[in-house]
Structures are given as structure tokens and as C-alpha cells.
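Whatever order the structure lists ligands and atoms in, that order sets their numbers, starting from 1.
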Amino acid sequence: MSNKTLCITEKLYEYMLSVSLREPEVLLELRRETGLDEQANMQIAPEQGQFMALLVRLLGAKKTLDIGVYTGYSSLCIGLALPQNGRVIACDLNRQWTDIAKRYWHKAGVADKIDLRLAPARQTLEELLANKTAAASFDFAFIDADKVNYDIYYEYCLQLVRPGGLIAVDNVLWDGAVADESVDDVDTEAIRALNSKIHADPRVELSLVPIADGLTLARKM
Ligand code: SAM
Ligand code: CA
């Protein structure tokens, strides 16, 4: 027994998946196709996708944001968890990756729920906020795009999410680099700075969940 979060071994990880993962076939297929891409490690872990889907359901979310789409796994998890009138505003820059995403969203029957905005995420979030009715109207936001802009995305999300809504920030443990003082590249520094900021931020309640590469949950007060 341990009263600390376990350092999970490969064997225990396999066991955990064997007794908990319920990955729909379409998500498994997307993961297999993405696995052929050099950047496949950018994709969220399947147990994380399942966890986020559970959060979306618990929140009774309808309006959601996915910032950083890649080949569409996180958007698809959210889209599948939403009711028929739910929406994901999905932000990315890359047409090649998001063309793969769109294929799977269609295959899963959720394409109508996912509104892909191919533009810098900052621009999309600014455009959303320009419409006064969008402020404080989103239930859930997932931040998983370029790390140097994480703080900007967090601030926009705090404006877009309703009180009681949730912001999930991915890769907050950054493969352990955040705790290694010898690492000072811009991505690591950006994640470290946001981690410290959220820790002290009275605008949210938080929990850092050590699932996959670390996921901070920040509930807007
Ligand atoms: N959430 C995705 C999933 O479940 O597979 C993984 C997202 S991947 C880690 C990061 C994505 O952010 C890439 O697809 C990249 O094109 C996108 N990205 C990078 N900079 C961006 C920016 N300034 N605006 C929008 N998207 C950006
Ligand atoms: Ca990620």
C-alpha cells in the first residue's frame, strides 16, 4: 500500500488498462493510424481520453473547447461524450493532421458536433471573446497546443468558461522535466510558470492529476 502516487511500472500500466480501458473501436483505429506518424507521442493517452470523457459527462457539458487537435483524438473523445446538441470548438493550424481528424469524426458520427477552426488558437479564442455572449459560456476546455502560449490560452479559457466549468491543462509534468532544474528550454519554463501560477490562482480550485503526462484540472470559481 502507498499513500503517495505510485511510480507506475509497465506491468502495472498494462494491468490498469486491462481492467479499466473501454476504448471504442473508432478511437482505437485512430490511435493505430496516428501511431504511424513520427509525432505520434503528441496524442493523448487512451486512459486520459476516457477520463476526460467522464469529466465532460459529469459536468453535463454542452459547449467545449479543444485547443490543439493533432489527428483528433481528444476532440473525438469529447465529441463522443457530448449530447447531440453539444459542440466542440477545435483549434489547430495543421491541415494535414486535421484532415485525418475529420475522417475519424465523420466515421464516428460526431462531425456535426466538432467545429474545426484552422487558425492560430489565440486568434480563434480572441474571435470567440469578441462575441460578448461567448464569455463565461463554455463548460469545458482542454489546453494541449504549443506550450509557450499555454498561459495565454489559460487566461482566455478563464474568460470563456462559466463559473463551475473546468479547464484541463495537458503535459503539466512534461516527462519529468519540470522537476529537473538543469532543464531550462522555453517549453519547460512555460509549463513550470503556468503550474506555479495556477497553484496560487484564487480564481480556480485545482487538482494536478498524474495521468499520462500530467493533467491539471482547474475549476473556475
Ligand atoms: N490533443 C491532441 C490529441 O488528442 O491528439 C494532441 C495535440 S498536439 C500535442 C498539439 C497540436 O497543437 C498540434 O496539432 C499543433 O498543430 C497544434 N498547434 C501548435 N501551435 C498552435 C497554435 N499556435 N494554434 C493552434 N494550434 C497549434
Ligand atoms: Ca498533450
- So Phe138 and Gln159, side chain to side chain contact (heavy atoms under 4.5 Å, CB included) or not? Walk me through it. CA-CA 9 Å; Phe138 284 80; Gln159 294 182 62; over 6 Å; no
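- Protein neighbours of ligand 1 below 4.0 Å, counting non-hydrogen atoms: Met42, Gln43, Ile44, Gly68, Val69, Tyr70, Tyr73, Ser74, Asp92, Leu93, Asn94, Trp97, Ala119, Pro120, Ala121, Phe142, Asp144, Ala145, Asp146, Tyr153.
- Each of Asp66, Asp115, Asp92, Thr64 was compared with Ser75 under the side chain to side chain donor-acceptor pair (under 3.5 Å) criterion, and only Asp66 meets it.
- In terms of modelled atom types and a separation under 3.5 Å, the side chain of Arg192 and the main chain of Ala177 share a donor-acceptor contact.
- A donor-acceptor pair under 3.5 Å is absent between the side-chain atoms of Trp174 and the main chain of Asp213, judged by distance alone.
- Not a single donor-acceptor pair under 3.5 Å links the side chain of Thr34 to the backbone N or O of Arg31.
- Listed by chain and number, the protein atoms of type N/O/S under 3.0 Å from the Ca ion (ligand 2) are Asp144 OD1, Asp144 OD2, Asp170 OD2, Asn171 OD1; waters are omitted.
- Under the 4.5 Å side-chain heavy-atom criterion for grouping Ile, Leu, Val, Met, Phe, Trp and Tyr, Ile100 is connected to Leu118 within one hydrophobic cluster.
- No side-chain donor-acceptor contact under 3.5 Å links Lys147 to the backbone of Ile191.
- Enclosure of atom CG in Asp112 is not indicated, since only 12 or fewer non-hydrogen atoms of other residues, nucleotides or ligands lie within 6.0 angstrom.
- No more than 12 heavy atoms of other residues, nucleotides or ligands sit less than 6.0 Å from atom OH of Tyr15.
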